[in-house]
Amino acid sequence: MNDFAHTAARWAVRIFLLAAGAVFFLCLLAVASLLALVWGARALWARLTGRPVMPWVMPTMRPGASWGMYRSSGWASTMAGAAGGAAHDAADSTHAADSKRSGVLASAARDITDVQPREVR
């Protein structure tokens, strides 16, 4: 009798774990299907309205951009005040985002006057 109870308990645990795994798999399948459905509807709507299909991507993360405030203003002025420093940091990050060099040669780029801008093709 003890052997029967032990075997029944083992099978009950196995069946429970199998059912839990099946439920988890079905939940993941439902989420993936819903995401695919939303993506397809979005692409279809873009095609119907004549707009380009914009991909879902993560925003560009530049690890070096966070160090711009320390390069341009120095450690002491950064620690001096949060209110003044926050506005200065926002201006630095905006300028760094516009520059291809991330603000490394920003002063040199402002001094260049003999370059004629061209139309981007």
Side-chain angles (χ1 to χ4, degrees):
M1 183 68 179
N2 197 13
D3 188 37
F4 174 74
H6 181 63
T7 304
R10 279 192 329 189
W11 277 102
V13 169
R14 286 181 185 175
I15 291 172
F16 174 76
L17 289 177
L18 182 67
V23 167
F24 182 71
F25 174 73
L26 290 174
C27 286
L28 284 178
L29 189 64
V31 168
S33 299
L34 182 66
L35 185 64
L37 182 69
V38 168
W39 181 78
R42 187 175 164 266
L44 180 66
W45 181 255
R47 296 268 181 178
L48 289 175
T49 58
R51 295 181 181 156
V53 179
M54 299 296 293
W56 284 344
V57 294
M58 291 285 294
T60 304
M61 298 173 60
R62 296 178 297 139
S66 62
W67 292 98
M69 63 182 175
Y70 300 112
R71 278 189 299 224
S72 62
S73 62
W75 182 259
S77 63
T78 303
M79 297 300 287
H88 188 264
D89 294 342
D92 283 348
S93 66
T94 303
H95 179 68
D98 294 338
S99 174
K100 289 184 180 179
R101 294 178 298 272
S102 300
V104 175
L105 300 173
S107 61
R110 279 187 237 118
D111 296 336
I112 297 174
T113 57
D114 62 342
V115 176
Q116 299 296 322
R118 293 186 296 167
E119 187 70 30
V120 178
R121 297 182 199 185

Review point. Which other residues belong to the hydrophobic cluster containing Val23, where Ile, Leu, Val, Met, Phe, Trp and Tyr are joined when side-chain heavy atoms lie under 4.5 Å apart, directly or via other members?
Key: none
Review point. What residues join Leu37 in its hydrophobic cluster, counting side-chain heavy atom gaps under 4.5 Å, either direct or through other members?
Key: none
Review point. Hydrophobic clusters join Ile, Leu, Val, Met, Phe, Trp and Tyr when side-chain heavy atoms are under 4.5 Å apart, directly or via other members; which others share one with Val120?
Key: none
With a cut-off of 3.5 Å and sequence neighbours excluded, list every side-chain donor-acceptor pair involving residues 38-46.
from  : atom 1 : to    : atom 2 : distance (Å)
Arg42 : NH1    : Met54 : O      : 2.9
Arg42 : NH2    : Met54 : O      : 3.0

Output a table of donor-acceptor pairs, distance under 3.5 Å, between side-chain atoms of residues 10-19 and any protein atom two or more places apart or on a different chain; print 'none' if there are none.
none

Revision key, fill the gap. Tracing side-chain contacts under 4.5 Å among Ile, Leu, Val, Met, Phe, Trp and Tyr outward from Leu29 reaches Phe25, Leu26
